[in-house]
Protein chains: 2
Amino acid sequence: MADSYHHGNLRQALIDAGIKIINESGEESLSLRKVAAECNVSHAAPYAHFNNKEELIEAIKSSVTDQFMEELEASVAECATAEEAILAMGRIYLTFFSRNPDYFVFLFGKQNINAHLQMNKDYKNDYPPFALLKRMYRLYLEEKGIEKSFEEQEIDLIKIWSMVHGMASIACMKGVKTSFKWNNPDERLLV
Amino acid sequence: MADSYHHGNLRQALIDAGIKIINESGEESLSLRKVAAECNVSHAAPYAHFNNKEELIEAIKSSVTDQFMEELEASVAECATAEEAILAMGRIYLTFFSRNPDYFVFLFGKQNINAHLQMNKDYKNDYPPFALLKRMYRLYLEEKGIEKSFEEQEIDLIKIWSMVHGMASIACMKGVKTSFKWNNPDERLLV
DNA sequence: CAACTAACTTGACAATGTAAAGATAGACGT
DNA sequence: ACGTCTATCTTTACATTGTCAAGTTAGTTG
């Protein structure tokens with residue numbers, strides 16, 4: 001099955017090869033033909049699995065997002081309270097993208113994420129990490145017995161998300177080392 | 001001088017044409033050859049002014065950043081206090097990029113901004129808008145008579161910047177309409 | 001006025017995305 | 001078991017693009 005005419009699992013192999021190339025030489029140097037070559041298939045083979053380059057890229061994004069979500073959920077699972085979980089999420093958000101900044105640019109850089117959302121029916125409406133934050137935030141309100149209007153909740157969520165995302169953005173773009181105070185659980189995200 | 005062999009001011013014309021193309025059809029469709037065609041010169045003419053495509057793009061970024069800084073400084077100039085000025089900056093940051101989201105992706109999307117900074121000796125160390133915020137923030141501390149350590153100041157600045165940048169990022173990516181509460185000066189950025 | 005040089009043109013090449021047409025091999029019904 | 005079907009892959013071809021090398025033009029300078 002290694003060098004047969006039919007690859008067997010080309011679709012996944014293409015995604016993996018794409019991730020490898022991005023990690024090694026960045027997104028700019030990711031081309032359909034290189035990905036195909038990496039899998040030892042002809043340059044047009046990917047068109048059996050993806051309608052165009054963008055669809056492959058979207059598939060890669062989904063794969064990376066899955067990986068990201070695994071780390072997020074793993075760290076959340078270890079937390080006793082929702083408050084801890086939210087802080088943990090912030091920490092993972094920063095460490096994950098500090099560890100591989102290329103992913104950040106790749107995921108959030110070019111295209112608007114809306115396109116990515118719409119292509120993934122799985123993501124019903126929210127971006128999975130954001131949906132997780134939302135769940136934890138609602139839990140947090142319950143735990144603390146806090147009552148907030150829907151609008152207030154939305155604003156809080158945007159604030160939290162904006163700050164964490166913005167910090168990751170700056171960290172990835174400017175190479176700022178900002179493990180920040182969030183290693184210290186005393187730091188409060190919720191004002 | 002319109003159709004003479006020597007264009008006269010091709011460099012600036014290329015930058016303007018680049019901005020026009022980005023506004024009309026996005027960054028992806030910006031090619032050296034289209035830019036050249038837009039200026040009615042041959043496809044290799046840009047190489048008299050830029051060593052490669054990236055250098056042209058950096059020049060365009062600088063041009064857009066200048067435009068951005070003009071708006072920021074204009075709005076800051078109208079403010080009586082530094083506190084107002086900081087809030088005004090936040091508002092301009094959001095409105096400027098909400099008005100033309102393509103600029104946001106173009107400026108902060110692909111490459112790390114470090115490269116852009118290093119190519120512009122004018123930007124000594126800080127990104128001009130950030131440098132402006134820093135000035136306003138220090139002024140704010142003076143006005144209020146607040147004493148903070150250098151590290152505390154840095155953290156405050158990162159917080160403010162992260163949140164505003166993150167919100168702009170989300171607004172531009174997800175199309176979220178988030179003029180937010182910042183139209184209301186009561187909203188506090190400094191915690 | 002001759003030499004120089006920056007600005008531009010022309011022609012070429014390799015890399016790339018993509019379409020069209022053909023080849024292959026496994027699955028499926030009879 | 002055998003023919004058909006169809007998803008998968010190859011081959012060929014083409015337009016777009018970034019970039020280079022060599023030539024051309026025209027203004028500038030000695």
Side-chain angles (χ1 to χ4, degrees), chain A residues 1-61 102 105-106 109-111 115-116 119, chain B residues 1-61 102 105-106 109-111 115-116 119:
Chain A
M1 78 167 146
D3 49 348
S4 71
Y5 193 95
H6 285 54
H7 183 284
N9 194 9
L10 183 56
R11 194 192 136 91
Q12 190 57 47
L14 290 168
I15 293 175
D16 294 342
I19 292 180
K20 185 183 170 196
I21 290 177
I22 288 175
N23 276 325
E24 284 173 355
S25 15
E27 185 185 358
E28 318 83 46
S29 77
L30 179 143
S31 79
L32 274 181
R33 294 170 104 104
K34 274 187 208 157
V35 172
E38 183 78 26
C39 297
N40 297 311
V41 291
S42 79
H43 63 261
Y47 282 86
H49 302 275
F50 305 98
N51 286 321
N52 49 41
K53 186 182 182 183
E54 205 189 334
E55 275 195 11
L56 169 59
I57 289 184
E58 291 302 325
I60 298 177
K61 282 185 183 173
D102 283 342
V105 177
F106 175 60
K110 288 179 155 175
Q111 309 287 19
H116 180 58
M119 288 189 187
Chain B
M1 77 169 147
D3 49 346
S4 70
Y5 194 94
H6 285 56
H7 183 283
N9 194 9
L10 183 57
R11 196 191 134 91
Q12 188 58 45
L14 290 168
I15 293 175
D16 294 341
I19 291 180
K20 185 183 169 195
I21 290 177
I22 289 175
N23 276 325
E24 284 173 358
S25 16
E27 184 185 0
E28 318 84 45
S29 76
L30 180 143
S31 80
L32 274 181
R33 292 171 105 105
K34 275 187 207 156
V35 172
E38 182 78 27
C39 298
N40 298 310
V41 290
S42 80
H43 62 261
Y47 282 85
H49 301 275
F50 304 98
N51 286 321
N52 49 40
K53 185 183 182 183
E54 204 188 332
E55 276 195 10
L56 169 59
I57 288 184
E58 291 303 325
I60 297 177
K61 281 185 184 172
D102 284 342
V105 176
F106 175 62
K110 291 177 150 177
Q111 310 285 17
H116 180 60
M119 286 189 186

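Just the heavy atoms: all of them, side chains too, but no hydrogens, waters or symmetry mates, feed the values below. Every chain is numbered from 1 and lettered A, B, ... according to where its sequence line falls, protein lines coming before strand lines.
In this structure, Arg11(A) places its CZ atom 15 Å from C1' of dA7(D), rounding to the nearest Å. What separates CG of Leu56(A) from P of dT16(C) is a distance of 14 Å, to the nearest Å. Put simply, CZ on Arg33(A) is 12 Å from C1' on dA19(C), counting in whole angstrom units. Taking atom CG of Asn51(B) as the reference point, atom C1' of dA6(C) lies 14 Å away to the nearest angstrom. The distance between atom CG of Asn40(A) and atom C1' of dT8(D), rounded to the nearest whole Å, is 16 Å. Nucleotide dG18(D) holds its C1' atom 13 Å from the CD atom of Glu54(B), rounded to whole Å. Look at CG on Leu10(A): it is 15 Å from C1' on dA25(C), rounded to the nearest Å. The distance between atom CD of Glu28(A) and atom P of dA15(C), rounded to the nearest whole Å, is 18 Å.
You'll find the side chain of His49(B) reaches within 4.5 Å of the side chain of Leu10(B), heavy atoms only. Contact of the Leu56(B) side chain with the Pro46(B) side chain is not registered, since no non-hydrogen atoms from C-beta on lie closer than 4.5 Å. Taking the side chain as every heavy atom from C-beta outward, Glu58(A) and Phe50(A) never approach each other to under 4.5 Å.
Of the candidates dT10(D), dT10(C), dT17(D), dT10(D) carries the atom nearest the Ala44(A) side chain, counting heavy atoms from C-beta on. Of the candidate nucleotides dG18(D), dC8(C), dC9(D), dG18(D) has the atom nearest to the side chain of Tyr47(B). Comparing dT10(D), dT17(D), dC8(C) by their nearest atom to the side chain of Ser42(A) picks out dT10(D).
Between the CG atom of Leu14(A) and the CD1 atom of Ile19(A) there is a distance of 11.5 Å, given to the nearest 0.5 Å.
Side-chain N or O atoms of Glu55(A) include one that pairs as donor or acceptor with a backbone N or O of Asn51(A) at under 3.5 Å.
Residue contacts for His49(B): at a heavy-atom cut-off of 4.0 Å it reaches the sugar-phosphate backbone alone, with no base atom in range.
In this model, the phosphate group of dT18(C) is not approached by any side-chain N or O of Lys53(A) to a distance below 4.0 Å at OP1 or OP2. Within the 4.0 Å cut-off from OP1 or OP2 of dT16(C), at least one side-chain nitrogen or oxygen of Ser31(A) is found.
Evaluation of atom-type donor-acceptor distances gives no pair under 3.5 Å for the side chain of His43(A) against the base of dT11(D).
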